[in-house]
Amino acid sequence: MNKPLLLILFLCCTISQSIAANSISKGQSIKDGETIISNGKKFELGFFSPLNSTRNRYVGIWYHNIPGPTVVWIANRETPVTDLSGVFKIGEDGNLLVLNGQSKEPLWSSNTSSLPLNTTAVLRDDGNFVLCAGSDELGSNCRSLWQSFDEPTDTYLPGMRIGRNRRTGEREQILTSWKTERDPSKGGFRLGFDETGLAQIVTWNQSRRYWRSGLWNNQVFVGVPNMRSALLTYGFSLSNDGNYFSYRAYSGSEIMIFKIRWDGKVVELRWNDGKQNWDSSFSLPSNECDVYNKCGAYASCSNFSMMPRCECVRGYEPRFRERWEVGNWSGGCVRKVALQCESNGGERDGFVERDGVKLPDFSSFTAVRSRDECEASCLKNCSCKAYAHGNGLGCLTWNSDLVDMEDFRGGEFKLYIRVANSELDKNKKSSKNAIIIAVVLGIFLLISSGYLLWRFLGKDKGLCKRGDREELVGDVSRSRDFGGVEFSGQHDKGDDEERDAAPDLPMYSFQTIATATDNFSLANKLGQGGFGPVYKGKFPCGTEIAVKRLSRQSGQGLEEFENEVKLIARLQHRNLVRLLGCCIQGEEKMLIYEYLPNKSLDYFIFDPNNQLRLDWEKRFNVIEGIARGLLYLHRDSRLRVIHRDLKASNILLDEEMNPKISDFGMAKIFGGNQNQANTNRLVGTYGYMAPEYAMEGLFSVKSDVYSFGVLLLEIISGKRNTHYRDQDHRSIIGYAWNLWHEERAVDFVDPFISNSSCPMTEVLRCLHIALLCVQDSTIERPTMASVVLMLASEAATLPMPREPTFTVGSSVGMDLFIETSEVMSNNDATVTVVVGR
Ligand SMILES: *[C@@H]1O[C@H](CO)[C@@H](O)[C@H](O)[C@H]1NC(C)=O
Ligand SMILES: *[C@@H]1O[C@H](CO)[C@@H](O)[C@H](O)[C@H]1NC(C)=O
Ligand SMILES: *[C@@H]1O[C@H](CO)[C@@H](O)[C@H](O)[C@H]1NC(C)=O
Ligand SMILES: *[C@@H]1O[C@H](CO)[C@@H](O)[C@H](O)[C@H]1NC(C)=O
Ligand SMILES: *[C@@H]1O[C@H](CO)[C@@H](O)[C@H](O)[C@H]1NC(C)=O
Ligand SMILES: *[C@@H]1O[C@H](CO)[C@@H](O)[C@H](O)[C@H]1NC(C)=O
Ligand SMILES: *[C@@H]1O[C@H](CO)[C@@H](O)[C@H](O)[C@H]1NC(C)=O
């Protein structure tokens with residue numbers, strides 16, 4: 001009669017005692033009913049029962065503040081305690097043990113050998129339960145002897161690694177589903193890293209593949225159609241050694257997990273605090289076509305009709321036609337005509353292109369650079385069935401049957417399937433011939449005209465050759481070590497034009513430049529930027545150049561300057577202005593750029609007369625170009641350049657209105673080259689400056705993202721940020737937010753655009769992205785990589801922006817030294833702020 005009461009009292013006491021703790025050490029134990037809670041009150045560890053099962057008790061970890069409980073890890077999933085007598089403790093040998101009251105034999109053990117005698121187990125705020133040596137360092141940084149993240153159950157938490165066995169004997173991180181909704185013991189479905197080849201995630205039903213993500217191309221899993229939008233919020237990454245994947249949530253406060261559910265689906269769960277439930281944006285496989293190899297070999301599954309349908313790829317036919325026609329697709333397809341390499345006769349085999357398809361499984365990586373080389377390497381070997389190239393994947397070839405293909409509408413991946421010559425499209429072939437003839441003819445003309453030119457300009461040739469630094473051939477692009485193979489990351493649809501093997505930067509004499517610019521005459525002055533005046537010049541051979549004469553206080557030695565400039569000269573991208581050379585003589589330092597005849601972006605978007613030349617299509621092209629250029633500066637180039645003074649007048653346009661970012665690398669030349677740094681010299685332009693940069697001098701790639709967001713608002717609205725003040729004296733950002741928030745976003749758009757027949761959804765998506773870029777908190781701003789993806793993907797669900805409260809007006813309490821740009825742009829000023837420290 002008294003016993004239950006006593007028990008309750010006892011529980012109360014122990015619970016209140018244990019709430020303070022986030023760890024147990026030797027001699028302490030957690031009894032059924034007691035829990036420990038991580039320091040930040042995120043996770044809780046103790047005994048629980050799955051829903052509707054009162055008997056079985058398991059030791060698990062769940063979210064402290066989320067009702068349910070939502071269990072993310074279980075110790076004794078195969079061996080429950082069948083009454084309330086369970087105890088979780090550290091045993092004599094230092095291992096974690098689950099015991100039931102009666103027997104002394106543990107039901108579960110962390111089973112790690114040769115532990116020190118004194119161990120402590122800490123529940124951390126990321127949900128990891130870590131066994132540490134010693135007893136006092138309950139801290140976050142102890143060396144882990146064992147950790148729950150290494151033995152995951154069915155839940156993939158941010159920070160956890162899903163990987164492959166690096167050495168035998170090492171734990172393999174694989175998730176295993178529950179058996180049923182209520183039974184946490186190991187079920188039939190597993191999720192893990194593909195062991196057979198390149199990096200991808202696979203789920204298995206027993207031992208058979210059930211679904212796969214497609215390869216990781218350093219940005220997305222190419223076999224997940226909505227990954228483009230998913231990526232915006234999950235920072236997935238592959239470790240440098242290519243052995244495991246991990247991810248992080250969009251922000252620290254967001255609670256997001258992946259699970260392999262008992263029914264085999266991979267689900268993403270996101271806690272919705274307002275509704276107090278879990279939202280799920282996808283579960284994979286999401287339809288029958290996603291299921292592994294639904295159609296058999298050489299057939300692709302299409303979910304775009306009412307029913308899933310299988311179709312043989314070009315040049316193939318069903319193996320068993322009758323069965324195929326009644327929907328039994330398991331036989332797959334076979335080649336209609338034997339290949340030349342198999343039959344030793346006829347014309348050379350060719351390839352047919354297949355657009356928008358989930359690339360088949362079991363590819364191999366070949367270390368060649370161009371698509372032609374990739375094709376040639378496939379043609380060479382008769383066992384090669386297909387190849388694909390690009391999109392960050394390099395050259396992939398398939399030497400076994402093509403399995404698990406699925407139609408992706410609007411997919412960006414092209415598969416080239418090998419077929420006999422007779423299956424090729426004859427028109428294509430003749431047009432190919434025509435192309436070859438044209439190319440040969442073109443080369444001939446080029447060579448002969450080049451020869452004439454050379455004859456004509458004979459005496460000047462040294463200078464001009466320097467002036468027109470030739471385009472280098474070949475595409476030596478980034479390569480990275482990828483799990484042992486050389487993984488050539490030729491990516492971003494060929495945007496990456498970095499050339500590693502750039503020759504030495506041409507150096508010009510002061511005299512040459514002075515002559516070219518007519519002694520820096522006022523007539524030749526193009527403008528004045530934050531780092532000095534810019535002049536137009538012309539070499540004797542006719543090459544036009546832009547010369548930037550740097551102001552003197554760069555604070556760098558000559559050698560340092562030269563090195564920095566050489567590095568920056570290697571940054572080559574179609575959306576960056578090209579640096580052609582430099583000139584150093586005494587105090588004088590000058591940079592020589594290609595000259596762009598069209599003016600800068602501000603000339604077109606803010607002037608009602610010139611606006612007409614920049615319709616929405618062109619503007620969108622400009623936006624995308626700037627984003628790619630910035631992405632290249634931030635991530636793809638080896639230098640990780642932060643621009644720090646991105647604005648409309650620093651975007652130049654070429655004849656076809658392609659944007660080119662100018663003045664990049666200046667911040668680097670003028671000191672400060674860390675990724676995020678605190679600088680004592682602010683360079684930037686009011687209105688474009690991120691709050692943390694303007695106030696604290698902190699700059700990072702995210703401060704460029706902020707400037708990009710402001711620029712985007714200007715391009716959309718056709719209004720200058722500095723000139724924009726509504727009745728409430730709000731900045732362009734506040735104004736944009738208000739209209740967007742009141743669902744009147746259309747009013748924000750430049751009337752010239754909104755009155756034209758442009759795709760309004762695209763305009764509004766750009767506005768949405770702009771608002772994300774100008775978030776107060778750097779964490780909530782996307783990276784340029786995400787921005788590029790958001791721009792490219794129409795289906796993306798974008799995160800909701802918060803109200804940007806912070807805008808830097810001209811009332812910042814600092815000593816300002818303002819240099820006004822005079823000619824290039826007479827409306828905004830680059831400020832150089834020297835912060836006293
Ligand atoms: C648990 O049992 C209740 C009542 O029997 C039932 O309504 C509920 O659906 C069950 N929950 C689960 C997860 O089976
Ligand atoms: C503990 O590990 C050893 C090998 O390290 C293994 O043989 C044994 O089966 C494991 N015991 C349990 C209960 O997992
Ligand atoms: C274990 O830790 C306790 C508490 O810090 C300490 O008193 C004891 O000496 C340690 N024992 C060993 C064997 O290190
Ligand atoms: C998993 O495999 C089993 C046996 O191989 C099969 O009966 C079951 O239908 C499969 N489950 C799914 C969801 O395909
Ligand atoms: C794809 O399949 C799913 C489930 O079978 C279905 O709900 C969806 O409508 C299909 N998609 C299309 C575009 O038909
Ligand atoms: C489909 O065809 C395979 C042989 O290719 C056969 O074994 C299987 O029973 C067929 N399935 C159905 C549902 O008819
Ligand atoms: C063709 O490729 C297969 C599979 O990769 C390989 O085993 C074979 O050696 C290759 N043959 C030639 C001639 O390169």
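These figures come from a predicted structure and were not determined experimentally. In listed order, ligands and their atoms are each counted from 1.
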Could you tell me whether [X] and [Y] have their ring centroids closer than 6.0 angstrom?
X      : Y      : result
Tyr387 : Phe351 : yes
Phe245 : Tyr156 : no
Phe47  : Tyr58  : no

Show me which atoms of ligand 4 lie under 4.0 Å from any heavy atom of Asn205.
1 (C), 2 (O), 3 (C), 8 (C), 10 (C), 11 (N), 12 (C), 14 (O)
Write out the residue and atom name of the closest protein heavy atom to atom 5 (O) of ligand 7, then the distance separating them to 0.1 Å.
Asn399 ND2, 3.3 Å
For atom 1 (C) of ligand 6, the protein heavy atom that lies nearest, with its residue and separation:
Asn328 ND2, 1.4 Å
Just how far is it from atom CZ of Arg314 to atom CD of Glu423, taken to the nearest 0.5 Å?
8.0 Å
Cys295 and Cys301 SG atoms less than 2.5 angstrom apart
no
Under 4.0 Å from a heavy atom of Ser330: which atoms of ligand 6 are those, numbered in the order shown and with their elements?
1 (C), 2 (O), 3 (C), 5 (O)
Protein heavy atoms: any of them under 4.0 Å from atom 14 (O) of ligand 6?
yes
When the ring planes of Trp271 and Trp278 are compared, do they come out parallel, tilted or perpendicular, using 30° and 60° as the limits?
perpendicular
Go through ligand 7 atom by atom and flag the ones less than 4.0 Å from a non-hydrogen atom of Asn381.
1 (C), 2 (O), 3 (C), 8 (C), 10 (C), 11 (N), 12 (C), 14 (O)
If we only count N/O pairs under 3.5 Å, is Asp263 in contact with ligand 4?
no
